[in-house]
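Side chains included, hydrogens not; waters and symmetry mates left out as well; all remaining heavy atoms used.
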Amino acid sequence: MHNSNLVRVFISSTFSDFEKERNALQYNVYPRLQDLCTQRGAKFQAVDLRWGVSDREAISQKTMKICLEELDRCQKLSLRPNFLMLIGDRYGWQPIPEEIPSEELKEIGTVISKEDLSLLQHWYKQDKNYVPSLHILRPRAENDTDNPNWDETEQKLRDILRHAIKDLGWQGSDERCLKYFASATEMEIVKGALQPVDASQHVICVMRTIQNLKNVEKTDSVKQFIDLNKETGKHDSYSNFRLSDLKERIEHKLSDRILRYNAKRSGKGLTKGHLDQMCDEVYEQISHIIISQLELKGKKGGTPNEIEMHNKYAQQQAQDYVGRAVSRQFIQKHINENLNPLVISGSSGMGKTALMAKVSEGVKTSFKDTIILRRFIGLSPLSFETNALLESIYQELKQVYSPLLNSTKENRENMDWTEWLKEIRKLITAHSEKRVVLFLDAVDQLQHSLEILKGISSITNLKVVFSITPDLFKYIKALLPDVYLYKLKEMGKKDGELLLDHWLQKSQKTLQPQQRLYLLQQFRHCPTPLYLKLAFEQARKWHSWENENKIEPSVRGIINGFLEQLENKHGEVLTSTALSLLAVSSQGLSEQEWLSLIYKNRKIIREFKERYPLSPKTSSLPFHAFSKLYFDLQPFLIESDEAALHNFIHSQFQEAVEEKYLKDKKKNRAIRKKLIEFFLNNGITDRTVFELPYLLKKNEDWEQLADLLIDEKFINQISEQGRFYSVLHEWKDLEENSWIQREEYFSTIVKNVENYQDEYLKFYVNIFFTNGFFDEALLLYDILIKRLEGSENKKELATLLLNKGMVYKTSGGDLNQALSLYEKSLEISRYIGGQKLVAACLNNQGEIYRINNPEAAQKMYKEAHAIGVDINDKELIAVTLNNRALIFHEQEELDNALPLYEEAIKIVWEIKDLDKYCTYLHNLGGLYYLKGDLDQALILFQHSLEIMSDTGLGNPFQVLERLRHIAKVYREKKQWKEALKKIEIIDHALLETENFDLYITCQFEKADFYMELRRLEDALDHQ
């Protein structure tokens, strides 16, 4: 079962004889299959390398290599089906091999004449850079002047090779024979249908028979439908024999998957009566397989998640890693012996990501009891988003600690990154028997990077290793004084040689001594892994006889040279447009998206027609043209498993493309506009919600972004992904960077509230509440509650009533209304036996009654406490103990409050809820302050503040509140200078946060301090 939801079907057929069938499939079947897949969260792509291409363009020395590589990609990337063949009465083009192993050619040379051997050696040149050595068919253009009639030359070479094979006695079953005797179509069918074990389950064959082809002569009307002997004009007996044999093998392998049709010659073509039936039956067969595959995939767990993707990427990177042994040993030793955070710093292209992957695999192997977490920022769309990244870390930890609970999904949709940090801390500290090491690559690309690093680094039993570019280190050092910096140096000569040799060996290539020496000399000018990778990709295409190749001495120089080569080979318009589209996207593009964006581009089609004037008339770019460009680009692209998105392998490649093609702001904006229109026209999908907000912000299309943020389909898709906070951030960015006012768009929702579905309203009621739009939130709750009244979903109704009450309470509104709503929610919760909901209602009621009716509040808290004990919810027990203590505290019954605080503190420490631990310590400090035990109060206030500072817990105002209480203690202790230091810190922080009310309060307190200090100084002077 393949990981992605991609259905990529390779279409195999002969050329012009199946033009009508391929066109019918192109226009009548593939669009329907695309719609089917889109509806089911998948993607469909037909790979037809012969559609829109002339015979002459398709028949070239590199054709078969591209075809078989594309077929291989279909088999590796796609769900079933991945192969559709169209076979008729023509065996088709029989290419001579593009490559012949040198040992085979040597053996062939022993049984042929010197003249024939000389001809073979003229066309096949030995390339010693292949391991083992190959003889390569020269590009036809080199010899066109000597051999203007290539067809005759090719036939002569074919005859020489085939007669030699027969003379050598090679059997037909010998795999070496296929390339000498088979047609292009047969080679595809062997690989796509006859070799795969499961082909009978998913490969589809369209077998068409032309009924009136007997006793034909060589005429223009039939030569495109059968194989004719060029000398006699009769049916070619060899081709006919091979075709019959191929059909027999297909019948044997795929008897239940063959769709049979008849046609007749009509004028210069064929009758079309079979086409509609063919289209319907092909669609029915393929759609049935797709649906069953997607259903099976759903049962087996769906697409790979973020965890699998990052772990797999680390393993792949580690497998290819060679060199830097000293660096790896040092980092691994530091991880083993030191808990302080470790930062790996190095400039772009130094190989930080690969080193992180390799070290993480080494630690995983060496320390069996250690949990290894790996995240590579930028690998997937979700890795850029702070909330999603931390959620995936939490889920991976949860799977390790509680593997039986993997399938459970908690309701945590509206948690922000600070809350995810708390949950991660709880998990790790609750399982202190296992050490955790987190590798976090490219932290500088992450939102809130400094705050997250501070929070993560403060977690006990968690070792953090992260990589950054040098410009970020000074900020990290200020934030994390204990961090250890490891500066990644340039790659040494020996490591460079090892890495180059490893890549060459893996690609079954080598370089001649002079070529290798030249490459390594150039590497010394820019000794980084990225440069070596780019130089290797250029050198691996060299032939052994070439000595004039040049490599630029810089990364940018190599990339620019490569871009020029692409333009010369594929066209400037196609190259620049394709690369620009990829560069402006947020997370990259899938192959289907990429192709869809360019295949109807008029400028690209015009350029293609100018470059290939013999091609059939077409209104779109043939897949063949895109495929050739893609294969040249492939070494410089990275592809994510889950979304099948392609992106540049390194940021320097992206920067080079932007510099060359996107410097002009108008062009930049126009390219983004194409992407925006594409995603809008394709409806709201997972990809849309990632790409559109980014593109609209980059283009400063603020009104369109605001419209998108209130679009119901968009919000429902966002809600499914649990990305509540991303919408909050988008609204914040809109207000900060444009003239857009939220109120105007929020009022649109309110005016049309009756038209929206429940899920949309639930999402926006939280947006309203979080942004302080309390009246709007109440209106939405009214609608939701009204819709639920009388329904069977009592739990949902009780929750809505409770939440609506919280709006009244939080907004400082009508507390009687809040109490009334809590009472209704409590009544329903008791009726359905929802103990947690009952406890929540009681606690919220208690907060209101605490002010004027503390006895009633105590009663409610006691009942909530009893529920906590009954269901063994330690967090609930601690909360109710603290609430009860607060009432005694406020009534100055301090001896009653003290044991409750202490018990609550003990429990939250056990469950490692440091947020509540800090709060309860602070409350206990306040109790000791009232008791007059200033030393104990100071200890508790400071301890609470230290934990907050070290862990990043709490918001700025909670930190300031603790500072104020510490200042008050120092004031009571007459330690004026210490008190004033704290007040000065508060002053500075309040000015930055622009909380002027609290700032004025602090100014009064500071004035009181100064007055007391002045009175003391006057008294001392008087004495």
Minimum heavy-atom separation for [X] and [Y], please, with both atom names.
{"X": "Tyr745", "Y": "Ile710", "value": "CD2-CD1, 3.9 Å"}
{"X": "Gly846", "Y": "Tyr861", "value": "C-OH, 3.2 Å"}
{"X": "His865", "Y": "Ile877", "value": "NE2-CG2, 3.6 Å"}
{"X": "Asn771", "Y": "Leu728", "value": "ND2-CD2, 3.1 Å"}

Roughly how far apart are [X] [atom1] and [Y] [atom2], rounded to 0.5 Å?
{"X": "Glu893", "Y": "Leu898", "atom1": "CD", "atom2": "CG", "value": "13.5 Å"}
{"X": "Glu391", "Y": "Ile424", "atom1": "CD", "atom2": "CD1", "value": "10.0 Å"}
{"X": "Thr688", "Y": "Gln717", "atom1": "OG1", "atom2": "CD", "value": "7.5 Å"}
{"X": "Leu801", "Y": "Ile828", "atom1": "CG", "atom2": "CD1", "value": "5.0 Å"}

What I'd like to find out is whether the side chain of [X] reaches to under 4.5 Å of the side chain of [Y], using heavy atoms alone.
{"X": "Leu778", "Y": "Lys804", "result": "yes"}
{"X": "Leu886", "Y": "Tyr901", "result": "yes"}
{"X": "Phe941", "Y": "Leu963", "result": "no"}
{"X": "Leu826", "Y": "Gln845", "result": "yes"}
{"X": "Lys762", "Y": "Tyr756", "result": "no"}
{"X": "Ile947", "Y": "Leu921", "result": "yes"}
{"X": "Pro854", "Y": "Glu890", "result": "no"}
{"X": "Asn716", "Y": "Tyr760", "result": "yes"}

Please check if atom CD in Glu892 has more than 12 non-hydrogen atoms from other residues, nucleotides or ligands closer than 6.0 Å.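 12 or below, so no.
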
Would you call Asp895 and Lys931 a salt bridge, using N to O less than 4.0 angstrom?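 Here Asp895 pairs with Lys931 in a salt bridge, since their nearest N and O are under 4.0 Å apart.
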
Between [X] and [Y], is the gap from one ring center to the other below 6.0 Å?
{"X": "Phe690", "Y": "Tyr694", "value": "no"}
{"X": "Phe724", "Y": "Phe763", "value": "yes"}
{"X": "Trp731", "Y": "Phe746", "value": "yes"}

Given Arg742, which partner from the list Glu736, Glu735, Glu776 fulfils the salt bridge (Lys or Arg N to Asp or Glu O under 4.0 Å) test?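 That would be Glu735.
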
Assign the ring pair Trp420 / Tyr394 to parallel, tilted or perpendicular, where the plane angle (0 to 90°) is split at 30° and 60°.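 Ring orientation of Trp420 relative to Tyr394: tilted.
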
